[in-house]
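Report on one structure; see the data block that follows.
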Amino acid sequence: MPIKNRLAELQEEIAAWRRDFHENPELMYDVHRTAGIVAEKLREFGCDEVVEGIGRTGVVGIIRGRSGSDRVIGLRADMDALPIYEVTGLPYASRVPGKMHACGHDGHTAMLLGAAKYLAETRNFDGTVALIFQPAEEGGAGGKAMVDDGMIERFGITEAYGMHNSPGLEVGKFSIRSGPFYAATDEFEITVTGKGGHAAKPHASIDTTLIASHIIIALQSIASRNADPIKSIVVSVTSFRTETEAFNVIPERVTLRGTIRTFEKELRALGEERLKALVPQIAGAFGGSAEIDWRPGYPATVNWEAETTYAAEAARTVAGDVDTNAEPLMGGEDFSYVLEVVPGAYIQIGNGDSADVHHPAYNFNDEAIPAGASFWAELVEQRLRAA
Ligand SMILES: [Zn+2]
Ligand SMILES: [Zn+2]
């Protein structure tokens with residue numbers, strides 16, 4: 001039986017939790033309501049331990065199996081929403097204007113709660129399950145906050161898994177790949193300073209718009225001329241701000257912003273190094289100067305080989321087959337911080353034909369709940385097989 005009967009029975013109940021989270025979205029670390037409900041439910045299910053306030057507002061629930069194996073498997077869901085105005089028109093649409101569960105973290109949290117209920121009831125495993133509910137996946141590095149707060153050592157987590165829904169992938173299906181899956185997401189802000197002046201007297205000024213334009217062009221040489229063409233790097237300048245909107249003023253300062261996305265450490269370092277070499281020298285060559293505010297983002301999410309196989313096997317049991325050659329994505333994911341310190345893997349679950357994540361018309365597909373919750377339960381029962 002691929003989907004666990006008990007979890008199929010629980011689908012409506014789990015969907016109701018999901019819709020409640022959807023109606024009450026919270027951002028970043030400010031997930032007090034959601035985290036409070038999660039902790040309350042974990043206690044109600046009979047978890048052996050429920051710890052709140054890890055990584056500020058993260059929650060960990062512990063369920064011990066039938067015998068005391070040392071193995072501790074971490075299962076992770078994210079709880080935070082996005083600053084987006086929802087346009088779904090759903091009866092349970094966001095009640096908070098400008099906040100929306102547009103990445104499906106409402107579904108991730110509900111599915112892991114469903115698995116927790118099942119695992120606490122059945123305990124058909126040896127060893128321990130750590131249910132990890134994290135804040136601030138969307139740009140706040142909540143995963144890092146929980147790791148930095150000692151989550152891995154405190155609960156003795158020996159391997160960990162994460163799951164994200166994937167619009168476009170059939171509901172109930174899974175896809176995964178070994179190695180780099182999501183990109184490192186570094187950001188930069190460049191401030192170019194020249195000499196402002198009258199647009200009709202360019203010879204009396206140092207034109208920052210011209211310098212910034214040369215910088216933008218030169219940054220494109222990182223991907224096209226410096227990086228091995230077989231490997232992937234994205235360099236995008238996304239913002240060009242001058243100090244003035246006038247037609248006849250050469251601005252004293254221009255600010256550029258953008259992001260560099262990479263899968264490999266060497267390329268990540270190359271992108272940073274080339275940007276830092278090009279920018280001041282180009283500005284200097286034109287008689288101006290430039291400062292760089294380099295903001296390191298999430299590292300690449302790199303699936304471990306053996307754990308990818310384990311996750312794929314659990315997914316295959318639930319779904320019949322599994323795509324083990326998923327396309328890597330240039331988006332970021334802060335489960336990367338967990339995968340830097342313990343073996344594990346990140347898997348995608350189909351959300352069907354929905355709007356894409358981060359779109360105001362997106363909605364998590366409740367039909368995915370039995371498969372997602374069964375995957376978690378199956379993974380635990382396979383990895384911590386009872387003697
Ligand atoms: Zn997202
Ligand atoms: Zn997400």
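Relative orientation of the Y92 and H22 rings is perpendicular, given thresholds of 30° and 60° on the angle between their planes. Using cut-offs of 30° and 60° on the angle between ring planes, the pair H164 and H105 is perpendicular.
Side chain of S374 to main chain of K4: a donor-acceptor pair is present (N/O by atom type, distance under 3.5 Å, no hydrogens or angles). In this structure, the side chain of T309 engages the main chain of E305 through a donor-acceptor pair within 3.5 Å. No donor-acceptor pair closer than 3.5 Å links the side chain of K41 to the backbone N or O of L113. Formation of a donor-acceptor pair under 3.5 Å by the T242 side chain with backbone atoms of T244 is found in this model. The backbone N or O of E313 lies less than 3.5 Å from a partner atom in the side chain of T317, making a donor-acceptor pair.
Nearest heavy atom pair, residue P296 against residue D186, reads CA-OD1, 3.3 Å. Minimum interatomic distance between G74 and I132 (heavy atoms only, all atoms of both residues): CA-CD1, 4.1 Å. T208 approaches I250 most closely through the heavy-atom pair N-CG2, 4.4 Å. Summarising the geometry of M330 relative to A183, their closest heavy-atom pair is O-CB, 3.5 Å, with the distance given to 0.1 Å. When all heavy atoms are compared, the tightest approach of A377 to L7 is CB-CD1, 4.1 Å. Residues K276 and I292 share a closest heavy-atom pair of CA-CD1, 3.7 Å.
Considering only heavy atoms from C-beta on, I63 comes within 4.5 Å of R123 through its side chain. For the pair L256 and I216, the minimum side-chain heavy-atom distance is below 4.5 Å. For the pair T301/L339, a side-chain contact is recorded, criterion being any heavy-atom separation below 4.5 Å from C-beta on. At a threshold of 4.5 Å between non-hydrogen side-chain atoms, the residues I73 and L379 count as touching. E86 has its side chain out of reach of P360: every pair of non-hydrogen atoms, C-beta onward, lies at least 4.5 Å apart. Inter-residue side-chain proximity for D78 and T109 is flagged as unmet; no heavy-atom pair is nearer than 4.5 Å. Within the 4.5 Å cutoff, no side-chain heavy atoms of F188 are placed close to those of D293. The side-chain heavy atoms of L90 and N363, taken from C-beta on, include a pair separated by under 4.5 Å.
Remark: D228 CG to L267 CG distance equals 7.5 Å, nearest 0.5 Å. A distance of 10.0 Å separates CD1 in I3 from CD in E378, rounded to the nearest 0.5 Å. In this structure, E137 CD and L82 CG are separated by 9.0 Å, a value rounded to the nearest 0.5 Å. For the atom pair CZ (F335) and OH (Y298), the distance works out to 13.5 Å, reported to the nearest 0.5 Å. The NE2 atom of H101 sits 7.5 Å away from atom CG of D80, with the distance rounded to the nearest 0.5 Å. Rounded to the nearest 0.5 Å, atoms NE2 (H359) and CE (M100) are 9.0 Å apart.
Ion pairing of D323 with R316 is absent here, as no side-chain N (NZ or NE/NH1/NH2) approaches a carboxylate O to less than 4.0 Å. The pair R64-E49 counts as a salt bridge, with a side-chain nitrogen and a carboxylate oxygen less than 4.0 angstrom apart. A salt bridge links E159 with R383: the closest approach of a Lys/Arg side-chain nitrogen to an acidic carboxylate oxygen falls below 4.0 angstrom. Ion pairing between a basic and an acidic side chain is recognised when a charged N comes within 4.0 Å of a carboxylate O; R257 and E187 show no such pairing. Taking the charged nitrogens against the carboxylate oxygens, E381 and R385 have no contact shorter than 4.0 Å, which rules out a salt bridge. Using a 4.0 Å cut-off between charged nitrogen and carboxylate oxygen, K144 and D149 do not count as a salt-bridge pair. Remark: R18 does not engage D20 in a salt bridge, criterion side-chain N to carboxylate O under 4.0 Å. R6 has a carboxylate O that lies under 4.0 Å from a charged side-chain N of E9, or vice versa, which qualifies the two as a salt bridge. For K117 and E44, the salt-bridge test fails: no basic side-chain N is under 4.0 Å from an acidic carboxylate O.
In this structure, W304 is not a member of the same hydrophobic cluster as I347, with clusters built from ILVMFWY side-chain heavy atoms closer than 4.5 Å. Under the 4.5 Å side-chain heavy-atom criterion for Ile, Leu, Val, Met, Phe, Trp and Tyr, F125 and Y118 are members of the same hydrophobic cluster. Hydrophobic clustering keeps V51 apart from L112 (ILVMFWY residues linked when any side-chain heavy atoms are closer than 4.5 Å, directly or through intermediates). One hydrophobic cluster, built from ILVMFWY side chains closer than 4.5 Å, cannot hold both I62 and V129; they sit in different ones.
For F286 and H214, the ring centers sit closer than 6.0 Å to each other. Aromatic ring centres of Y161 and Y346: separated by at least 6.0 Å. For F45 and W17, the ring centers sit closer than 6.0 Å to each other.
E327 CD: 12 or fewer foreign heavy atoms inside a 6.0 Å radius. For Q382, the CD atom sits in a packed shell: over 12 heavy atoms of surrounding residues, nucleotides or ligands are nearer than 6.0 Å. More than 12 heavy atoms of other residues, nucleotides or ligands sit less than 6.0 Å from atom CD of E121. Within 6.0 Å of the CG atom in D353, the count of heavy atoms belonging to other residues, nucleotides or ligands does not exceed 12.
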- Carefully, step by step, assess E26 and T34 under the rule side-chain hydrogen bond (donor to acceptor under 3.5 Å, both in side chains). CA-CA 8 Å; E26 297 176 296; T34 310; 2.6 Å; yes
- Query: Going through the checks in order, is the salt bridge (charged side-chain N to carboxylate O under 4.0 Å, His left out) test met by E52 and R43?
  - Reply: CA-CA 11 Å; E52 296 176 74; R43 285 191 193 100; 2.8 Å; yes
- Message: Please determine whether side-chain contact (heavy atoms from CB on, under 4.5 Å) holds for the pair L275 and I260, giving the CA-CA distance in whole Å, both sets of side-chain angles, and the decisive distance to 0.1 Å.
- Response: CA-CA 10 Å; L275 181 137; I260 298 188; 4.2 Å; yes
- Task: Take S354 and N351 through the side-chain contact (heavy atoms from CB on, under 4.5 Å) test and state the conclusion after the steps.
- Result: CA-CA 7 Å; S354 74; N351 202 53; 3.0 Å; yes
- Task: Evaluate side-chain hydrogen bond (donor to acceptor under 3.5 Å, both in side chains) for R253 paired with T255, printing each intermediate quantity in order.
- Result: CA-CA 7 Å; R253 250 177 295 276; T255 308; over 6 Å; no
- Message: Does S175 form a side-chain hydrogen bond (donor to acceptor under 3.5 Å, both in side chains) with Q348? I'd like the steps, not just the answer.
- Response: CA-CA 5 Å; S175 78; Q348 293 180 330; 3.1 Å; yes
- Item | salt bridge (charged side-chain N to carboxylate O under 4.0 Å, His left out) evaluation trace for R76 with E333 | CA-CA 12 Å; R76 173 277 210 172; E333 165 56 57; 2.6 Å; yes
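If you check the side chains of N248 and H198, you find no donor sitting under 3.5 Å from an acceptor. Side-chain contact annotation: D207 with T209, donor-acceptor N/O pair under 3.5 Å present. Under the 3.5 Å distance criterion, with hydrogens and angles disregarded, a donor-acceptor pair is assigned to the side chains of Y362 and N165.
Because its NZ or CZ atom is both nearer than 6.0 Å to the ring centre of Y29 and within 45° of the ring axis, R56 counts as a cation-pi partner of that residue.
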